[in-house]
Protein chains: 2
Amino acid sequence: MAEQRYSRQRQAILEAVKSSHAHPTAEMVHQAIRAKMPSISLGTVYRNLKVLSANGEIKPLYGDANNLHYDGRCDDHPHLVCTHCHQVYDMPDEWVKRLGPLDEVSTRHEIDFVDITFYGVCEHCRTNKTKEVEFS
Amino acid sequence: MAEQRYSRQRQAILEAVKSSHAHPTAEMVHQAIRAKMPSISLGTVYRNLKVLSANGEIKPLYGDANNLHYDGRCDDHPHLVCTHCHQVYDMPDEWVKRLGPLDEVSTRHEIDFVDITFYGVCEHCRTNKTKEVEFS
DNA sequence: ATAGATGCAAACGGTTTGCATAGAG
DNA sequence: CTCTATGCAAACCGTTTGCATCTAT
């Protein structure tokens, strides 16, 4: 791997993802950082989210079809994707443990990691029946 | 739900997804059908994949970040996404059963279904070490 | 005859990239 | 001083959409 420099922007992006509980998208990270660093470009955010993922410092979440989200927690745990508001929630890692060791899963394929994603209606949307956003 | 007509195109698309073991993307379905129905448009394929998903006749797979795949099998089973070739494989539903009943998962959120996706290197890519495609 | 479905092509939106410049080491 | 990272804007590419036409019922 080539040498890597720790720019203010990269630091801010890592910090933003780590400190957020919302599993932010690139757009959300960009908005958040702009408050303090107005000149940061969206392209820089995208580039750094890739770099940080490759470094294993953050984790991409594929569960929401519409947008790529990122998780500051890198330990293995499931998520809930709300089919109404598209928000992503952490779930207890108990459910990952129930699967047992990954090397039992297949002898033919090499399994590196699992993703468990629950889909449903989050507690907020359950009460706020008003907002009817379509999930596709 | 509004009345629905069973066009030749829709039939062909359903048939193509059901009969494929490759968890095809819209593009793949389009190519497959073009052989026998050269005039079918990609837009029609996209529209019908949505309709058929909404009908519950096929299932969208979000596990591959790059492309939306579709599964002709609608029963609940995990998949393996190869991080080298992006191919999607079926895995035994045993792993879903290990999670236990979904209504135990959360009392706060309403859980409707789970998705378990394994990531790794498929048996084919394991032996063909030559092709080094990057997964992002 | 009447709506739903199609083909075509343009538009969309999230993400990536080329390039000149800035800035970390 | 060197070479990675940035900002900007254009390009990309998978997907959606508007519209005139076709077709299943």
Side-chain angles (χ1 to χ4, degrees), chain A residues 1-17 23-55 57-58 60-70 81 86 88 133-136, chain B residues 1-17 23-55 57-58 60-70 81 86 88 133-136:
Chain A
M1 200 192 310
E3 184 204 348
Q4 222 172 271
R5 297 179 183 180
Y6 232 51
S7 65
R8 289 176 309 121
Q9 288 87 336
R10 183 167 299 161
Q11 287 175 51
I13 290 161
L14 176 57
E15 168 63 17
V17 177
H23 306 86
T25 62
E27 190 64 53
M28 290 162 74
V29 170
H30 186 224
Q31 289 303 332
I33 296 179
R34 273 193 133 179
K36 293 158 186 173
M37 194 185 282
S39 67
I40 194 171
S41 76
L42 187 53
T44 294
V45 172
Y46 274 105
R47 271 186 294 239
N48 278 295
L49 289 172
K50 281 223 154 182
V51 170
L52 294 168
S53 302
N55 290 353
E57 304 185 73
I58 62 177
L61 302 180
Y62 304 130
D64 175 13
N66 298 339
N67 285 89
L68 190 49
H69 294 247
Y70 287 91
V81 176
H86 287 222
V88 180
V133 183
E134 198 49 42
F135 185 74
S136 53
Chain B
M1 200 191 311
E3 184 205 348
Q4 224 173 269
R5 297 179 183 179
Y6 238 66
S7 65
R8 290 177 308 120
Q9 289 86 337
R10 181 166 301 161
Q11 287 176 53
I13 290 162
L14 176 57
E15 168 63 17
V17 176
H23 306 86
T25 62
E27 190 64 53
M28 290 161 75
V29 171
H30 187 224
Q31 290 303 332
I33 296 178
R34 273 195 133 179
K36 294 159 186 173
M37 195 187 281
S39 68
I40 194 171
S41 75
L42 187 52
T44 294
V45 173
Y46 275 104
R47 270 187 293 239
N48 279 295
L49 289 173
K50 282 223 152 181
V51 170
L52 293 168
S53 302
N55 290 354
E57 303 185 75
I58 61 178
L61 301 180
Y62 304 130
D64 175 13
N66 298 339
N67 286 90
L68 189 50
H69 295 247
Y70 287 91
V81 176
H86 288 221
V88 180
V133 184
E134 196 50 41
F135 185 75
S136 53

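The NE2-P distance, from B:H30 to C:dT6, rounds to 12 Å in whole Å. Between the NE2 atom of A:H69 and the C1' atom of C:dT15 there is a distance of 14 Å, given to the nearest Å. The separation between B:Y70 atom OH and D:dG14 atom P is 14 Å, rounded to whole Å. When the C1' atom of C:dA5 is taken as reference, atom NZ of B:K50 falls 17 Å away, rounded to whole Å. One can place CG of A:D64 at 11 Å from P of C:dG14, the figure rounded to the nearest angstrom. One atom, CD1 of B:I40, and another, C1' of D:dC22, lie 15 Å apart when rounded to the nearest Å. Atom P of nucleotide C:dG14 and atom CG of A:L49 are separated by 15 Å, given to the nearest angstrom. For the pair B:L42 CG and C:dA11 P, the interatomic distance rounds to 18 Å; values are reported in whole Å.
Rounding to the nearest 0.5 Å places CD1 of B:I13 at 8.0 Å from CE of B:M37. How far OG1 of A:T25 is from CG of A:L68: 9.0 Å, rounded to the nearest 0.5 Å.
Residue B:N48 places at least one side-chain N or O closer than 4.0 Å to OP1 or OP2 of C:dT6. For A:Q9 and C:dA22, the shortest distance from a side-chain N or O to OP1 or OP2 is not below 4.0 Å. For D:dA5, neither phosphate oxygen OP1 nor OP2 lies less than 4.0 angstrom from any side-chain nitrogen or oxygen of A:T44. The side chain of A:S41 contributes an N or O atom lying less than 4.0 Å from OP1 or OP2 of D:dG7. Between B:R47 and the phosphate of D:dT17, there is no side-chain N or O to OP1/OP2 separation shorter than 4.0 Å. For the OP1/OP2 pair of D:dT16 and a distance below 4.0 Å, the side-chain nitrogens and oxygens of B:Y46 include no atom meeting the criterion. Look at A:S39 and you'll find a side-chain N or O under 4.0 angstrom from OP1 or OP2 of D:dG7.
No donor-acceptor pair closer than 3.5 Å links the side chain of B:H30 to the backbone N or O of B:T44. Checked by atom type and distance alone, the side chain of A:R10 never pairs as donor or acceptor with a backbone atom of A:N48 at under 3.5 Å.
Between the side chain of B:R8 and the base of C:dG7 there is no donor-acceptor pair of N/O atoms closer than 3.5 Å. At a cut-off of 3.5 angstrom, the base of C:dA3 holds at least one donor-acceptor pair with the side chain of B:R5.
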Before you tell me yes or no, could you show the steps for B:Q4 and B:N55 under side chain to side chain contact (heavy atoms under 4.5 Å, CB included), namely the whole-Å CA-CA distance, both residues' side-chain angles and the distance that decides it to 0.1 Å?
CA-CA 11 Å; B:Q4 224 173 269; B:N55 290 354; 2.9 Å; yes
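Distances from the side chain of B:N67 to the nucleotides C:dG14, C:dG7, D:dG14 place D:dG14 closest.
For the pair B:Y6 and B:G43, nearest-nucleotide mapping onto DNA chain D gives the more 5' position to B:G43.
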